[in-house]
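Order of listing sets the numbers, starting from 1, for every ligand and every atom in it. Just so it is clear, the values below take in all heavy atoms, side chains as well, and ignore hydrogens, waters and symmetry mates.
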Amino acid sequence: MLVDDKIFLGTSTQPEYLALKYGNRHGLVTGATGTGKTVTLQVMAEGFSAAGVPVFAADIKGDLSGVAKMGAAQGWQTQRATDIGFTDYKDDVFPVIFWDLFGRQGHPIRATISEMGALLLSRMLQLNDTQEGVLNIAFKLADDEGLLLLDLKDLRALLVDIQERSKEISTRYGNVSATSIGAIQRALLVLEQQGAENFFGERALEIADLMRTDRDGRGFISILAADELMRSPRLYATFLLWMLSELFEELPEVGDVDKPKLVFFFDEAHLLFDDAPKVLIDKVEQVVRLVRSKGVGVYFVTQNPVDIPESVLAQLSNRVQHALRAYTPREQKAVRVAAETFRPNPAFSTEEVITQLGIGEALVSVLEAKGIPSMVGRTLIRPPSAQVGPLLAEERRAIIANSPVAGLYDTTVDRESAFEVLAKKARDKQLAEERQRQDDEIKKTERTYQEAPAPRRSTRQTPAEAAMNSLARTVANRLGSALVRGILGSLKRGR
Ligand SMILES: Nc1ncnc2c1ncn2[C@@H]1O[C@H](COP(=O)(O)OP(=O)(O)OP(=O)(O)O)[C@@H](O)[C@H]1O
Ligand SMILES: [Mg+2]
């Protein structure tokens, strides 16, 4: 049943395989809660890994982490293997790298603000069009003035700078109102409260680290801990979308491949599209379409195919549809839509069967020879070979400690960027003003000194005094104003 160039998914009236050479033609795993989606995802991830294809998947409930541990099949797993005559079924374990945006359950994943870009950041911050316009200007300005936008404090510093120079910037780039800047600043605050402070900065994720294979030639399965992240769904969705667009931008064109370069599973994919603006949907559609020729397969996992916009859905060729409920009219419609996406099988009514499927049973249709979708098959999905269900915390820790990226991302690097540059600019400005004031003061003192009636002494400065004052000025020029104040004070006291 296990064959080199395809992944065994399960058995209908025949074994059903996902052909590796069509692995980059994208896919869809759908079904109501508890119908077997995550297990199917694990089966696919194991299959790709075994074939040397690296995988990236978000782990919403922590239940995918078991793929890192040798399975000990019993109960439903061995039962299912027997039911489908899967004679070469055996326990196995797969190489895993754990990632976590918060850096707790895996290596931190970071992006810089510039990499994230204005479109995705606006989505993350829920900005309206006007505010997005201002954010665009901020990015443009940073570009023009050579300011690096790495972390959130860079962006905050830039916004303050823009506010101070709003007149000049408005004439050069277009209107930047204080209201819009204020709104962006508030949205940034909310983002920080969601813990996003950690996501932005360096060292930023390098795509190459998602594309590793182990010594046996197996693809690493990168698992992003997403349980905590899911509490901020928009953040989750935008971050995954950013990763997808990074893959698209970084990877070379490869055309048709024997097997994908990487497979990306997008769980809870509906979050990406919930009230998403048209520009964003267009961008997703475009990235999904183009990333294929870079050898990347994208698999959306969601409850219902209607969660996904038509234009994106049309590109998802390898499909596994678990059971759907059809109690309400809306659900019935969804079932109809789901059924229509399959190439019919004369042996049964797709629409009827969707509601009758058991747990771990699914309608499967994949691309076959010449890239034509196979006739839909009512399929019992095979059991995974690794552990099904979460790892223990200490098992996870051991894997993190021995990971091939251990130590690479675990500490934050903060190099000079917009925040530091603008802070220096502000400091220099303040210094210059301070110096000016000191100079004026000194001049004034000198004048008073000269003008004051001096009964016994000459009204002129003694050479020593003049040297003192000029020394004070020189020192003032060289050192910070705080220091200068101290020095002047002691000079005065000393006199
Ligand atoms: N291929 C299978 N064969 C036999 N039983 C299965 C199979 N797949 C899943 N099951 C059973 O169904 C349970 C739930 O599966 P799974 O966690 O994959 O559902 P899900 O669709 O991801 O649910 P949720 O929407 O809650 O995440 C499994 O723990 C297992 O007991
Ligand atoms: Mg699940």
Side-chain angles (χ1 to χ4, degrees), residues 1-2 7-12 15-18 27-47 55-67 69 71-92 221 223-231 233 236 240 265-272 274 299-308 319-325 331 334-335 338 353-364 366 377-391:
M1 292 232 174
L2 300 176
I7 298 171
F8 174 53
L9 295 179
T11 305
S12 58
E16 297 281 349
Y17 295 103
L18 173 59
L28 178 67
V29 179
T30 44
T33 312
T35 53
K37 295 186 298 297
T38 302
V39 168
T40 296
L41 191 160
Q42 183 170 343
V43 165
M44 290 180 165
E46 290 182 359
V55 170
F56 179 90
D59 193 9
I60 306 288
K61 294 182 185 155
D63 50 357
L64 192 60
S65 56
V67 73
K69 192 178 174 191
Q74 48 175 327
W76 65 265
Q77 289 164 262
T78 40
Q79 182 61 49
R80 177 56 61 92
T82 313
D83 290 347
I84 61 174
F86 183 14
T87 45
D88 36 7
Y89 179 51
K90 59 178 189 339
D91 296 331
D92 207 346
I221 303 178
I223 296 184
L224 175 72
D227 44 354
E228 205 176 337
L229 189 57
M230 283 305 292
R231 272 179 247 142
Y236 164 80
L240 285 204
F265 286 96
F266 209 135
D267 206 350
E268 301 283 349
H270 65 278
L271 294 176
L272 188 49
D274 283 350
Y299 288 69
F300 290 94
V301 184
T302 184
Q303 298 217 353
N304 201 300
V306 296
D307 297 339
I308 297 184
R319 297 194 175 183
V320 179
Q321 171 71 62
H322 286 280
L324 289 177
R325 282 183 286 269
E331 285 171 343
V335 168
V353 165
I354 288 184
T355 58
Q356 296 163 1
L357 293 165
I359 288 172
E361 190 180 21
L363 292 175
V364 173
V366 292
R378 181 172 181 168
T379 307
L380 288 169
I381 302 295
R382 63 154 283 189
S385 295
Q387 171 174 302
V388 175
L391 289 187

query = Checking side chain to side chain donor-acceptor pair (under 3.5 Å) against Gln303, which of Thr33, Thr35, Thr30 comes through?
reply =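 One option only clears the test, and that one is Thr33.
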
query = So, Arg382 versus Ser385: side-chain donor-acceptor pair below 3.5 Å or not?
reply =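 The criterion, which ignores hydrogens and geometry beyond distance, is satisfied for Ser385 and Arg382.
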
inquiry  = Whether the Gln74 and Thr78 side chains hold a donor-acceptor pair (N or O, under 3.5 Å, no angle test) is what I'd like checked.
reply    = no

inquiry  = Students should find this: residues with any non-hydrogen atom under 4.0 Å from ligand 1. What is the answer?
reply    =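 Within the 4.0 Å shell of ligand 1, which is judged on heavy atoms, sit Ala32, Thr33, Gly34, Thr35, Gly36, Lys37, Thr38, Val39, Lys61, Trp76, Arg80, Ile359, Gly360, Ile381, Arg382.
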
remark   = Note: Val43 and Ile7 closest approach over all heavy atoms is O-CG2, 4.4 Å

ask   = Out of Leu2, Leu380, Thr11, which one pairs with Phe86 under the side-chain contact (heavy atoms from CB on, under 4.5 Å) rule?
value = Leu2

query = To the nearest 0.5 Å, how far apart are CG in Leu271 and OH in Tyr236?
reply = 7.0 Å

key: Metal check, the Mg ion (ligand 2) vs Thr38 N/O/S, cut-off below 2.8 Å   =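 So Thr38 counts as coordinating the Mg ion (ligand 2), yes.
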
